[in-house]
Every structure is written in C-alpha cells, then in structure tokens.
*Asks:* 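This is the structure, below, for whatever I ask next.
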Amino acid sequence: DSGVTQTPKHLITATGQRVTLRCSPRSGDLSVYWYQQSLDQGLQFLIQYYNGEERAKGNILERFSAQQFPDLHSELNLSSLELGDSALYFCASSVGADNTQYFGPGTRLTVL
Amino acid sequence: EDQVTQSPEALRLQEGESSSLNCSYTVSGLRGLFWYRQDPGKGPEFLFTLYSAGEEKEKERLKATLTKKESFLHITAPKPEDSATYLCAVQNTGNQFYFGTGTSLTVIP
C-alpha cells in the first residue's frame with residue numbers, strides 16, 4: 001500500500017458525460033501527478049500540481065482539467081467523454097516537486 | 001520529440017537465468033531516468049532514479065545503469081516473484097514525464 005488513495009475504483013459511464021476522479025496524496029506529500037494508462041499507448045503523463053499550483057503539463061486534452069485543493073487532495077475532471085477515454089487513471093504523489101513518486105491503485109474508467 | 005523505447009516487449013527466463021532489459025531514450029534535456037515495476041492491476045512501484053551518464057544503482061537482484069542514450073536494468077539470478085512489467089521513464093527539463101511501454105518479465109520456476 002503506497003498511501004495514495006483514489007476513488008472511485010471503477011467508473012462506468014456513457015459517451016458525452018462528465019466524471020470526476022479523486023486522489024488523496026500520502027500524508028505530507030505536496031505534489032500530485034495524474035497519468036492515463038491505456039492498452040495501446042502505455043502510461044501517459046497528464047499534469048502535475050505542487051502545493052496547489054500547476055507545475056508541469058503533459059499531453060492533457062482540453063476536455064480534461066485538474067486542480068489541487070488547499071488540503072492537497074486533487075481532482076481530475078473529464079468531460080465530453082469519448083470511447084477512447086476508457087483507461088486506467090493513476091494518481092501519484094511525492095514529497096516535493098521532484099522526489100520519488102508513489103502511485104495509487106488507479107481508477108478504471110469505462111466509457112460505453 | 002521526447003520518447004522512450006523499451007526492449008524486449010516480453011521476456012521469459014528460467015529461475016536463476018540472468019538477463020538485461022533495455023530502455024533507449026531521446027530527450028531534449030534529461031532531469032532524471034526512472035525505473036518502475038508494475039504488477040497486473042496495480043500502480044507502478046518505484047525502483048530507481050538515475051541522473052547522469054555513468055551512474056549505477058542496485059537493489060537486491062536488480063541493477064540499473066545509465067548512458068547518454070540508454071539505460072539497462074540488469075536482473076541477476078531472478079526468482080518467480082520478480083515476474084512483473086518493468087517500466088522506464090524520463091523526466092525532461094520542462095518537468096514532463098515520458099514512459100516506455102514496458103517489458104513484461106516472466107520468471108519460470
């Protein structure tokens with residue numbers, strides 16, 4: 001158990017809908033990272049937040065957005081969902097901006 | 001464009017048969033190269049960070065090395081519990097992360 005929690009574990013929804021994934025970092029960690037893992041593309045870095053501020057951005061679609069709240073938990077919002085958004089979404093956290101990342105168990109999103 | 005390529009895609013070893021996994025990378029500016037282990041249905045588990053060419057790190061039966069173009073993960077006398085997918089990733093100077101698609105390792109008793 002890494003200490004990073006993600007909810008929900010599974011999410012099934014329809015195309016065109018909007019969902020919110022939640023991540024609670026390890027106690028004391030200031031950075032949160034979001035990744036998407038699909039069978040054909042592997043693990044893709046989406047975005048990093050450090051102490052509430054966006055620090056780095058990867059290949060995150062405009063339909064996706066994230067934020068980190070004052071209590072350091074983070075939410076990833078996915079809107080106008082498409083079939084291709086079906087994937088495992090991982091959150092990771094680290095103590096600082098560039099330290100070892102600890103991954104959560106993931107949220108499996110299925111878009112029908 | 002920054003990218004990471006891992007080979008082989010899959011590797012089957014007999015218990016005790018040592019081997020190496022390769023990670024070739026192209027990056028605009030390297031801040032760090034990372035190795036992770038991922039078991040089915042779980043999040044990646046951190047193994048090593050390497051920062052500069054010539055650096056080596058060891059942990060139990062695993063040893064990671066780094067050159068200017070590639071990294072190797074050497075597995076010495078593997079055991080069945082080492083079976084997993086091993087992922088390589090790079091962080092560039094823009095703080096973006098790029099992962100390879102992994103090497104699926106199976107160690108047969």
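Below, chain A is the first sequence line, B the second, and so on; all start at residue 1.
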*Asks:* Linking I/L/V/M/F/W/Y whenever their side-chain heavy atoms sit closer than 4.5 Å, directly or via other members, would B:Val27 and B:Phe48 fall into one cluster?
*Replies:* yes
*Asks:* Linking I/L/V/M/F/W/Y whenever their side-chain heavy atoms sit closer than 4.5 Å, directly or via other members, would B:Leu21 and B:Leu87 fall into one cluster?
*Replies:* no
*Asks:* Which heavy atom of B:Tyr36 sits nearest to which heavy atom of A:Gln101, and what is that distance?
*Replies:*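 Minimum heavy-atom separation between B:Tyr36 and A:Gln101: OH-CB, 3.8 Å.
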*Asks:* Mind listing the closest non-hydrogen atom pair of A:Phe45 and B:Phe97 along with its distance?
*Replies:*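 For A:Phe45 and B:Phe97, the tightest heavy-atom pair comes out as CB-O, 3.3 Å.
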*Asks:* Would you mind telling me which of B:Gly41, B:Pro44, B:Gly94 has the largest number of heavy-atom pairs within less than 4.5 Å of chain A?
*Replies:*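 Ranked by contacts with chain A, first place is B:Pro44.
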*Asks:* Hydrophobic cluster membership, with links at side-chain heavy-atom distances under 4.5 Å among I/L/V/M/F/W/Y: are B:Leu47 and B:Leu105 in one?
*Replies:*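 In one cluster with B:Leu47: B:Leu105, yes.
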*Asks:* Can you tell me how far the OG1 atom of B:Thr101 sits from the CG atom of A:Leu39, to the nearest 0.5 Å?
*Replies:* 11.5 Å
*Asks:* When hydrophobic residues are tied together by side-chain contacts of less than 4.5 Å, even through go-betweens, does B:Phe34 share a cluster with B:Tyr51?
*Replies:*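 In one cluster: no.
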*Asks:* Could you tell me which portion of B:Gln38 (side chain, backbone, both or neither) has an atom closer than 4.5 angstrom to a non-hydrogen atom of chain A?
*Replies:*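 Side chain only.
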*Asks:* Tell me the closest heavy-atom pair linking B:Arg31 and A:Arg55, and the distance in Å.
*Replies:*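 Reported closest heavy-atom pair: NH1-NH2, 3.5 Å.
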*Asks:* I'd like to verify something: which residue of A:Ile47, A:Leu43, A:Leu88 has the highest number of heavy-atom pairs under 4.5 Å with chain B?
*Replies:*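 Ranked by contacts with chain B, first place is A:Leu43.
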*Asks:* Please state whether the side chain, the backbone, both or neither of A:Tyr102 comes within less than 4.5 Å of a heavy atom of chain B.
*Replies:* neither
*Asks:* What closest approach, in Å, do A:Gln48 and B:Asn95 show between heavy atoms, and which atom pair accounts for it?
*Replies:* OE1-O, 4.4 Å
*Asks:* Relative to chain B, which segment of A:Gln37 carries a heavy atom at a distance below 4.5 Å: side chain, backbone, both, or neither?
*Replies:*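 Contact with chain B is through the side chain of A:Gln37 alone.
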